[in-house]
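Worksheet: one structure, shown below.
Quick caveat: nothing in here was measured; it's all calculated off a predicted structure.
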Amino acid sequence: MAAVHHWTGLEAKALRVALRMSVRVFAQHLGVAIATVSKWESKLAETQPRPDSQAILDIALGRADPAAHVRFEALLSEMAGTVRVAGYRPSAFGPRAWEYETWADDLDRVVILLSRQDFTFADSLLSRWLGRFKACELDDKGLYLLGRTTTLLGDLKRDQGAVFGPLSAQHSYAGARTVFAQLGNARRVAQLDLSMAVITEMSGELESAVRHYESLSVDDRLSRRDRARARLWVGTALSKSGQCEYATSVMLAATRDFEDLAEPDDWSVAHQKLALARRGAGDLTQALKFIDIARRSGATETPMQRVRLDTAHGHVLLSDPATRDDGRLVLGQAASVAAQYGLVHQLRSIEGIKAMDEGLSGPAADHQGEHAWATTSRPSPRASGAEPC
């Protein structure tokens, strides 16, 4: 059934036309003066019926037959597009009210699909909703769903390794940020700032990434967990740039935060990162200690989790001549899974590590592929967010 949360003259006129009544008959139907209906229709969105009239209109809409409800939505959508009143957005009405519920359900499905790296179906669901409505047609709830959808598209593109360009993670995150800024949702804006800092790190701009992460690690718009993640990623970017001792101290502080917050998955991922930082510092004893902790405690239910953990493990094993063959075997398994699920960024990282091991020219990959995301996300279904990959 159609529903209007707050009536203006615009919705009142759409209801009259949908019911196929004249102004006189509509006024009699509602029990109000003809002049009242005429005023609503002359001022449209610039006037709001009184509270008692709001209730009367609710009742009239509730008693309308299904065909009138469909006409009401179509008319209101068409009329709203012609109105030029600052700050006016159409109400959540008609089939759109229950379409929003379906939209939200599909986004929950997308989170699960992304955790399984089922990119094809996830992309199909996201495209279905991104092409359904124009932003100007949506109320605040619809815009919120649009922002979530665009954020999840950014997550998908990020996991596929599409970092820059018109069909990239950066483009989607920027679009989602604009939507949430329009809604005044500071927390979502900050989460998208974190997502875009991840993209900066993935592109190799490590100094800039460190600055962004440091700023967000003390940003009150973010939850304690997200601030701890930002702190951990400061250490990751520092480690990639060769500042392994400083990176270790930053990561250890973040690890203690995850322990205090009782976040076991994040705590385990932190040990992956610590292992790679100690490897970069030449401390293989500590690197093996940390990667063993990560392997014992880490979640490996999804392909992305397995690839990240195996990539870090294989990289540490390659550093010791005694375990080099084991490291190559582990990296080979990680590469096979990455290729199977289309994890392009992780596959490139693994190939870079292999090239370095073979003494060939390749990208510096000391700490590629070790990050584990989450503001939206993996492995359990949540709202969308960002993650270094």
Side-chain angles (χ1 to χ4, degrees), residues 5 87 89 92 100-101 103-112 114-115 126 129-130 135 138-159 169-202 208-234 236-237 253-254 257-258 260-267 269-270 371-389:
H5 299 308
R89 293 195 190 104
Y100 282 173
E101 295 300 319
W103 192 353
D105 289 345
D106 278 352
L107 294 185
D108 289 340
R109 294 168 68 195
V110 168
V111 171
I112 295 171
L114 290 180
S115 75
L126 293 172
W129 290 106
L130 287 172
L138 298 173
D139 62 1
D140 284 356
K141 182 176 181 180
L143 285 172
Y144 181 85
L145 291 170
L146 176 64
R148 278 198 63 205
T149 304
T150 312
T151 299
L152 286 170
L153 181 63
D155 292 345
L156 184 153
K157 297 297 185 182
R158 181 201 64 218
D159 287 353
Q170 183 195 46
H171 181 80
S172 294
Y173 287 147
R177 190 187 189 284
T178 298
V179 172
F180 286 122
Q182 178 181 343
L183 291 172
N185 191 322
R187 175 175 171 270
R188 291 288 184 183
V189 169
Q191 287 179 330
L192 284 155
D193 287 339
L194 192 54
S195 295
M196 289 191 283
V198 169
I199 297 303
T200 300
E201 181 186 340
M202 290 175 69
S208 179
V210 167
R211 289 195 301 272
H212 291 158
Y213 287 147
E214 286 178 336
S215 174
L216 291 163
S217 70
V218 293
D219 193 323
D220 289 338
R221 294 176 300 170
L222 293 171
S223 67
R224 285 185 62 197
R225 187 184 182 204
D226 283 339
R227 294 199 299 271
R229 284 184 178 136
R231 190 170 300 113
L232 181 65
W233 298 340
V234 169
T236 303
D257 288 341
F258 293 134
D260 291 341
L261 290 166
E263 293 289 350
D265 290 343
D266 292 324
W267 183 86
V269 167
H371 295 297
W373 165 234
T375 358
T376 76
S377 59
R378 274 68 95 196
S380 58
R382 313 195 237 294
S384 181
E387 161 95 353
C389 300

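To the nearest 0.5 Å, atoms NE2 (His171) and NZ (Lys157) are separated by 10.5 Å. The line from CZ of Arg229 to CG of Asp226 is 5.5 Å long, rounded to the nearest 0.5 Å. With rounding to the nearest 0.5 Å, the separation of CZ in Arg158 from CD in Gln170 is 14.0 Å. A distance of 8.0 Å separates CG of Leu261 from CZ of Phe258, quoted to the nearest 0.5 Å. Summarising the geometry, atom OG belonging to Ser195 is positioned 10.0 Å from atom CZ belonging to Arg188; distances are rounded to the nearest 0.5 Å. Between Leu107 atom CG and Trp129 atom CH2 the span is 8.5 Å, to the nearest 0.5 Å.
Across every non-hydrogen atom of Ala169 and Gly154, the tightest pair is CB-O, 3.4 Å. Heavy atoms only, all atoms of each residue included: Ala237 and Val210 are closest at CB-CG2, 3.5 Å. The heavy-atom pair separating Arg231 from Ala253 by the smallest distance is CD-CB, 4.5 Å.
For Val110, the side chain to side chain contact (heavy atoms under 4.5 Å, CB included) partners are Leu114, Ala122, Leu125, Leu126, Leu152, not counting sequence neighbours. In this structure Asp260 satisfies the salt bridge (Lys or Arg N to Asp or Glu O under 4.0 Å) test with no other residue, sequence neighbours excluded. Take Asp106 and apply the salt bridge (Lys or Arg N to Asp or Glu O under 4.0 Å) test, not counting sequence neighbours, and it matches Arg109, Arg128. With sequence neighbours left out, Ser172 forms a side-chain hydrogen bond (donor to acceptor under 3.5 Å, both in side chains) with no residue at all. Under the rule for a salt bridge (Lys or Arg N to Asp or Glu O under 4.0 Å), Arg224 has no partner lying at least two apart in sequence or in another chain. Every residue was checked against the side-chain hydrogen bond (donor to acceptor under 3.5 Å, both in side chains) condition with Arg227, not counting sequence neighbours, and none meets it. For Thr200, the side chain to side chain contact (heavy atoms under 4.5 Å, CB included) partners at least two apart in sequence or on another chain are Glu205, Ser208, Ala209, His212. The salt bridge (Lys or Arg N to Asp or Glu O under 4.0 Å) test applied to Arg177 returns Asp193, not counting sequence neighbours. Checked against side chain to side chain contact (heavy atoms under 4.5 Å, CB included), Ala176 has the following partners two or more places apart in sequence or in another chain: Thr150, Thr151, Leu192. Every ring pair (Phe, Tyr, Trp, His ring centres under 6.0 Å) that Phe180 has, sequence neighbours left out, goes to Tyr144.
Taking the side chain as every heavy atom from C-beta outward, Tyr173 and Val198 never approach each other to under 4.5 Å. Between Val111 and Arg148 there is a side-chain heavy-atom pair separated by less than 4.5 Å. Between Leu194 and Tyr213, some side-chain heavy-atom pair lies under the 4.5 Å cut-off.
Salt bridge absent: Lys141 and Asp139 never bring a charged side-chain N and a carboxylate O closer than 4.0 Å.
Applying the side chain to side chain contact (heavy atoms under 4.5 Å, CB included) test between Leu183 and each of Leu143, Val189, Leu146 identifies Leu143 as the sole match.
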